[in-house]
Amino acid sequence: MPRSKKGKRAGSNRGSRNGPKCEPVPSDDDAASEVLSHYSSASETASVQDEGTGSEPVDEQTATEETEDKLKQCIDNLMDKSLKTRLAALESLKLAFSSKMLCDFLLERRLTLTVCLERCLRKGSGEEQALTAQVATLLCIQLGSGAEAEDVLKALQPFMFSILIDTSASPTARQSCALALAMCCYVAATGDMEDLSKCLSHLEGVFSNSYPCRDGSLPTLKASDQVLHCMALQSWALLITLCSASYINTLLEEHLPKLQACLSSSDVHFRIAVGGTIALLFELAREIDQDFVYEDVDNLCDHLKDLATDSNKYRAKTDRRKQRSIFREVLHYIESEDFTEEKIQFGMEAVYIDCWVRRRIYDAFKEVLGSGVRHHLQLNHLLREIFELGPPLVHDAVTIKANKISRFEKHLYNSAAFKARTKLRSKVRDKRADVL
């Protein structure tokens, strides 16, 4: 099953124990997290060592061992009878998995962790199921595209399917399962068309409820359903980047006209997701056939122009601005095949988002990893393979110090960037851009 040329991995065909309880983690920004406090101490030790203050390497090793002990305790606490304890453990694991590379540690404990996550999905409440799906996704990203991640997917997939299609389940849990199924499948099921087809079918079954009725009108949905459909559509869009040319052609015929109709949806976030998916489908179609022509392209462009210049006062100002920005890009690509390149800087490297496929992939990983996405781009072999960055770079202390800029230089750079950004924004204010 070939991958698209851009933004893909090259060559891919791809019992209960009640121990001490983890304290709950209030938020991702809470610096008091017990697990990550040890990571911080390890980083500080390394920094001190680099500066030559005489710190011994054993300090970092000791901190790492203490951290692993905390993570082992969190895994044990997933089987605890207390919901509060299980939620705290899941939060700690989620935070640790997203901010650090723990592949070797997790390879040794993946079977135990998978059993614990399966139990949380099967017996947990909505909040617990949502967190479990997120941790499962991060686990697959940590393990990479090998057989280990595929085993995790096969073990947890049936339970996530069940939650996704259960209309009585928690909306938050269903949203998390939609994203988790797509991400785990994207990472692990590269050579299994059966798993890919199942995920695509289940996701279609969710967001297709936003498609027009037989009389052409769009259904009236609850706010929670609109958020779910938006997540399911974006997850589906990620997986179609793995599909074969013949399957893409089938999807174009079946979904493009219906997605065009969904541009009239009352939900701004769903409209934006639809617009990005349409652009993605056009890009995939043009990779297959450079002469691809959509029969109703004139009406589609007219609708996109309306959305790109929408000034209805009943919409929130922020929503209008975001919508106009996205649909200008979509319209520009469909009319002239041009894409506005974006540069993502991390450390001394950068990844370039130069097509809709890469944008969808990067946005999906950013959704899961949050602020840890740059750290994973630096060190995670899976992400570096996907974005064609090569093996992780190894820098010694001298190289790192030589590349650091002084506080004064940083101040000058920020001042210049602020002035340039102010000038640019003054030229492309929404009202002026709309007139142009």
Given side chain to side chain donor-acceptor pair (under 3.5 Å), test Asn249 with Glu253 step by step and report yes or no.
CA-CA 7 Å; Asn249 288 326; Glu253 294 178 8; over 6 Å; no

Taking Leu95's backbone N and O only, do any of them form a donor-acceptor pair with Ser98's side chain (distance below 3.5 Å, no angle check)?
yes

For Pro392, which residues count as a side chain to side chain contact (heavy atoms under 4.5 Å, CB included) partner, sequence neighbours excluded?
His381, Arg384

Applying side-chain contact (heavy atoms from CB on, under 4.5 Å) between Cys199 and each of Leu238, Leu164, Leu239, Leu242, report the one that passes.
Leu239

Indicate whether the side chain of Gln234 and that of Arg360 have a donor and an acceptor atom separated by less than 3.5 Å.
no

Looking only at atom types and distance, does a side-chain atom of Thr250 sit under 3.5 Å from a main-chain N or O of Ser246, one as donor and one as acceptor?
yes

Taking the side chain as everything from C-beta on, heavy atoms only, tell me whether Tyr211 gets closer than 4.5 Å to His255.
yes

If you compare all heavy atoms of Gln226 against all heavy atoms of Leu221, which two are closest, and at what distance to 0.1 Å?
CG-CB, 3.9 Å

With Asp166, which residues qualify under side chain to side chain donor-acceptor pair (under 3.5 Å), at least two apart?
Ser168

Has Gln142 got a side-chain atom pairing as donor or acceptor with Phe97's backbone, closer than 3.5 angstrom?
yes

Residues passing the salt bridge (charged side-chain N to carboxylate O under 4.0 Å, His left out) test with Glu128, sequence neighbours excluded, are Arg86

Report yes if the side chains of Thr114 and Asp151 come closer than 4.5 Å at any heavy-atom pair, otherwise no.
no

Exercise: identify the closest heavy-atom pair between Cys243 and Leu196:
SG-CD2, 4.3 Å

Can a donor-acceptor pair be found, under 3.5 Å and without considering hydrogens, that links the side chain of Gln323 to the backbone of Leu307?
yes

Partners meeting ring pair (Phe, Tyr, Trp, His ring centres under 6.0 Å) with Phe292 (sequence neighbours left out)
Phe282

With a 3.5 Å distance limit and no angle check, can you tell me whether Asn380 reaches the backbone of Ile141 through a side-chain donor-acceptor pair?
yes

Any side-chain heavy-atom pair from Ile334 and Ile278 closer than 4.5 angstrom?
yes

Within the 4.5 Å heavy-atom criterion, are Glu367 and Met231 side-chain neighbours or not?
yes

Locate the shortest heavy-atom distance separating Tyr352 from Glu341; write the atom from each residue and the value.
CD2-OE1, 3.4 Å

Applying side-chain contact (heavy atoms from CB on, under 4.5 Å) to Lys322 and Val268, what does each step give before you reach the verdict?
CA-CA 9 Å; Lys322 185 177 181 180; Val268 63; over 6 Å; no

Would you compute the distance between atom CG of Leu181 and atom CG of Leu203 and round it to the nearest 0.5 angstrom?
6.5 Å

Where Leu93 and Leu113 come nearest, the two heavy atoms and their spacing:
CD1-CD1, 4.3 Å

Below 4.5 Å, heavy atoms only, C-beta onward: do Val274 and Ser265 meet side chain to side chain?
no

Can you name the side chain to side chain contact (heavy atoms under 4.5 Å, CB included) partners of Ala136, sequence neighbours left out?
Leu117, Leu156

Taking only residues at least two apart or on different chains, which pairs with a member in residues 159-184 satisfy ring-ring contact (aromatic ring centres under 6.0 Å, His included)?
Phe161-His202

Quick test of your reading of the model: are Arg109 and Glu68 salt-bridged, counting only N-O distances below 4.0 Å?
no

Look at the side chain of Gln129 and the backbone N and O of Ala173, then say whether any donor-acceptor pair between them is shorter than 3.5 Å.
no

Could you measure the distance from the CG atom of Leu139 to the CD atom of Glu148? Nearest 0.5 Å is fine.
10.5 Å

Any residue meeting side chain to side chain contact (heavy atoms under 4.5 Å, CB included) with Glu65, in chain and number order, not counting sequence neighbours:
Gln61

Pick from Leu256, Val330, Ile272, Leu259: which one makes a side-chain contact (heavy atoms from CB on, under 4.5 Å) with Thr277?
Leu259

Val357 backbone acceptor or donor facing Glu283 side chain under 3.5 Å
yes

Just jot down the side chain to side chain contact (heavy atoms under 4.5 Å, CB included) partners of Cys184, sequence neighbours excluded, or say none.
Thr137, Cys140, Leu153

I'd like to know whether Val368 forms a side-chain contact (heavy atoms from CB on, under 4.5 Å) with Gln134, so could you lay out the CA-CA distance, the side-chain angles of the two residues, the decisive distance to 0.1 Å, and finally the verdict.
CA-CA 7 Å; Val368 174; Gln134 294 167 22; over 6 Å; no

Once you round to the nearest 0.5 Å, how far does CG of Leu393 lie from CE of Met348?
7.5 Å

Quick one: list whatever passes salt bridge (charged side-chain N to carboxylate O under 4.0 Å, His left out) with Lys258, sequence neighbours left out.
none

Above 12 or not: heavy atoms from other molecules or residues under 6.0 Å from NZ of Lys72?
yes

If you draw a 6.0 Å radius around CD in Gln290, do more than 12 non-hydrogen atoms from other residues or ligands fall strictly inside?
no

Derivation and outcome, side chain to side chain donor-acceptor pair (under 3.5 Å), residues Gln260 and Tyr294
CA-CA 11 Å; Gln260 180 179 342; Tyr294 177 51; 2.7 Å; yes

How far does CZ of Arg174 sit from CG of Leu228, to the nearest 0.5 angstrom?
5.0 Å

Going from CE on Met160 to CG on Leu179, what distance comes out if it is rounded to the nearest 0.5 angstrom?
10.0 Å

Rounding to 0.5 Å, atoms CD1 (Ile344) and CZ (Arg374) come to a distance of 6.0 Å

Quick one: closest heavy-atom pair of Ser170 and Gly126, and the distance?
CB-CA, 3.6 Å

Test of understanding: with salt bridge (charged side-chain N to carboxylate O under 4.0 Å, His left out), list the residues that count as partners of Arg359, not counting sequence neighbours.
Glu329

Closest non-hydrogen atom pair, Leu383 against Phe365
CD1-CE2, 3.6 Å

Decide yes or no on salt bridge (Lys or Arg N to Asp or Glu O under 4.0 Å) for Lys70 and Glu66, but give the supporting numbers first.
CA-CA 6 Å; Lys70 294 288 182 180; Glu66 291 177 358; over 6 Å; no

Less than 4.5 Å apart, side chain to side chain, heavy atoms only: is that true for Thr172 and Glu127?
no

All side chain to side chain donor-acceptor pair (under 3.5 Å) counterparts of Tyr333, not counting sequence neighbours:
none

When you measure from the side chain of Asp267 to the backbone of Phe270, do you find a donor-acceptor pair of N or O atoms at a distance under 3.5 Å?
yes

When you compare the side chain of Ile361 with that of Ile353, does any pair of heavy atoms fall below 4.5 Å?
no

Return the set of residues passing side chain to side chain donor-acceptor pair (under 3.5 Å) with Trp236 (not counting sequence neighbours), or none when no residue passes.
Glu204

Evaluate the side-chain proximity of Val227 to Pro171: yes if any heavy-atom separation is below 4.5 Å, no if none is.
no

